[in-house]
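One is the number of the first residue; the rest follow in order along the sequence.
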Amino acid sequence: MLEPTPSAFDQLLDMMAAGGPVVYLLVALSVVVLTVTFVKTIQFFSAGVFRNRIARQAVEKFRMGRSQEALSISSNCNSIRCQVVAKSIRGQLNTHTSKQTAREEVLREATDQLEHLGGHLRILELIASLAPLLGLFGTVLGMIDAFQQLENSGNQVDPSILSGGIWLALLTTAVGLAVAMPTVAINSFFERRLERLTHDLDNLIAQVFVDDFDQTPVQVHDANAQQYS
């Protein structure tokens with residue numbers, strides 16, 4: 001009677017058992033990576049990190065002189081960009097507070113929001129650095145064990161002992177790299193989105209608080225004209 005072919009899950013369990021504690025630890029780290037990725041993705045979507053159109057529209061309305069319309073557009077959007085724009089417009093329209101004070105308060109709140117969004121990304125960075133080292137550590141332990149078995153075999157040397165030990169030892173390195181590579185990519189993606197968000201927030205705040213130089217009268221030409229008249 002033919003034996004049933006082991007399923008992919010059974011093969012995975014066999015590989016984990018063959019790899020030993022290091023592979024179990026790497027699998028646990030991969031679960032942590034998946035958990036952090038899921039949480040950060042939900043958080044980024046909730047904060048509107050991937051949306052910037054409405055905030056830009058609100059700033060354009062404000063710079064056209066339609067302050068109340070811009071404030072209404074930005075207040076009805078729950079993204080971090082819109083929240084910062086709405087607070088910037090309120091600060092700009094508030095006659096009881098200086099522009100410098102209002103801008104500093106907006107920048108402080110934006111920095112707090114960015115710090116909150118960047119939370120737990122250090123975990124991904126740590127795992128991306130630690131996983132290959134754990135895999136290499138497991139390989140070294142496996143090689144030590146393989147050569148110990150080879151030594152204990154005495155004169156009856158079986159090449160399969162060494163080759164089997166090397167295969168199991170290299171398994172931990174493969175698992176370590178398999179955990180590290182997607183972790184690096186995920187962490188780079190989130191960090192790039194935060195860098196883009198930081199740039200957008202700085203730009204939006206500046207557009208609200210800084211006057212439009214194109215609309216500022218330039219007196220240089222008039223002075224020159226008077227000089228040569």
Side-chain angles (χ1 to χ4, degrees), residues 7-17 19-59 73-90 104-138 171-205:
S7 63
F9 181 73
D10 293 333
Q11 293 178 356
L12 178 61
L13 292 179
D14 293 338
M15 292 178 64
M16 290 175 58
V22 175
V23 172
Y24 282 107
L25 180 57
L26 289 170
V27 171
L29 291 179
S30 68
V31 174
V32 174
V33 171
L34 291 175
T35 303
V36 173
T37 301
F38 176 78
V39 172
K40 299 307 294 184
T41 301
I42 297 299
Q43 185 182 18
F44 274 42
F45 270 107
S46 300
V49 175
F50 307 104
R51 305 191 305 270
N52 60 5
R53 180 177 57 87
I54 298 178
R56 292 180 182 274
Q57 288 179 351
V59 170
I73 291 174
S74 57
S75 298
N76 292 328
C77 175
N78 62 352
S79 72
I80 181 174
R81 290 181 178 87
C82 289
Q83 293 174 5
V84 169
V85 168
K87 192 173 183 65
S88 300
I89 294 175
R90 293 190 187 98
E104 289 178 356
E105 176 62 21
V106 172
L107 288 173
R108 183 196 62 78
E109 182 172 327
T111 302
D112 290 342
Q113 292 275 8
L114 290 171
E115 181 68 21
H116 179 66
L117 286 173
H120 300 109
L121 289 183
R122 290 288 296 175
I123 295 177
L124 296 180
E125 184 177 347
L126 178 62
I127 292 177
S129 302
L130 190 60
L133 296 178
L134 284 174
L136 181 60
F137 178 67
L171 176 64
T172 59
T173 298
V175 175
L177 293 175
V179 173
M181 289 186 292
T183 304
V184 170
I186 293 170
N187 185 61
S188 298
F189 171 77
F190 284 131
E191 287 186 345
R192 176 55 187 160
R193 298 310 304 183
L194 281 179
E195 290 175 0
R196 178 68 180 272
L197 177 61
T198 302
H199 175 269
D200 286 349
L201 292 180
D202 288 339
N203 187 34
L204 293 171
I205 293 171

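By the side chain to side chain contact (heavy atoms under 4.5 Å, CB included) test, S79 is found to be paired with R51, C77, R81, C82, residues two or more places apart in sequence or in another chain being considered. Contacts of F189 classified as ring pair (Phe, Tyr, Trp, His ring centres under 6.0 Å), with partners at least two apart in sequence or in another chain: none. Remark: R122 pairs with E125 by the side chain to side chain donor-acceptor pair (under 3.5 Å) rule, at least two apart or across chains. Here N76 pairs with S72 under the side chain to side chain contact (heavy atoms under 4.5 Å, CB included) rule; sequence neighbours left out. H116 meets the side chain to side chain donor-acceptor pair (under 3.5 Å) test with Q43; sequence neighbours excluded.
Nearest heavy atoms, L204 versus A55: CD1-CB, 4.0 Å. Summarising the geometry of L26 relative to T172, their closest heavy-atom pair is CD1-O, 3.8 Å, with the distance given to 0.1 Å. Shortest non-hydrogen contact noted between A110 and V84 is CB-CG2, 4.1 Å. V22 and G138 get closest at one heavy-atom pair: CG2-CA, 3.9 Å. T37 approaches F190 most closely through the heavy-atom pair O-CZ, 3.9 Å. Counting all heavy atoms, side chain and backbone alike, L29 lies closest to I127 at O-CD1, 3.8 Å.
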Assess the residue pair L201 and T198 against the criterion (side-chain contact (heavy atoms from CB on, under 4.5 Å)); give the C-alpha distance rounded to whole Å, side-chain angles, the decisive distance to 0.1 Å, and a yes or no. CA-CA 5 Å; L201 292 180; T198 302; 5.9 Å; no
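The only member of T35, L34, V36 that meets side chain to side chain contact (heavy atoms under 4.5 Å, CB included) when paired with V32 is V36.
Atom CZ of F44 sits in a crowded spot, with more than 12 heavy atoms from other residues, nucleotides or ligands closer than 6.0 Å.
The closest side-chain heavy-atom distance from R193 to L197 is not below 4.5 Å. Between N203 and D200, every side-chain heavy-atom pair lies at or beyond the 4.5 Å cut-off. Side-chain contact check for P21 versus L25: every heavy-atom pair is 4.5 Å or farther apart.
Between the CD atom of E115 and the CG atom of L194 there is a distance of 10.0 Å, given to the nearest 0.5 Å. Rounded to the nearest 0.5 angstrom, F137 CZ and L133 CG are separated by 11.0 Å. Of the inter-residue distances, the one linking S88 atom OG with L107 atom CG reads 7.5 Å to the nearest 0.5 angstrom.
Pairs passing the side chain to side chain donor-acceptor pair (under 3.5 Å) check and including a residue from residues 174-188, sequence neighbours excluded, read N187-E191.
For the residue pair S75 / R90, a side-chain donor-acceptor distance below 3.5 Å is found, with atom types taken as modelled.
Side-chain atoms of K40 come within 3.5 Å of backbone N or O of L117 as a donor-acceptor pair.
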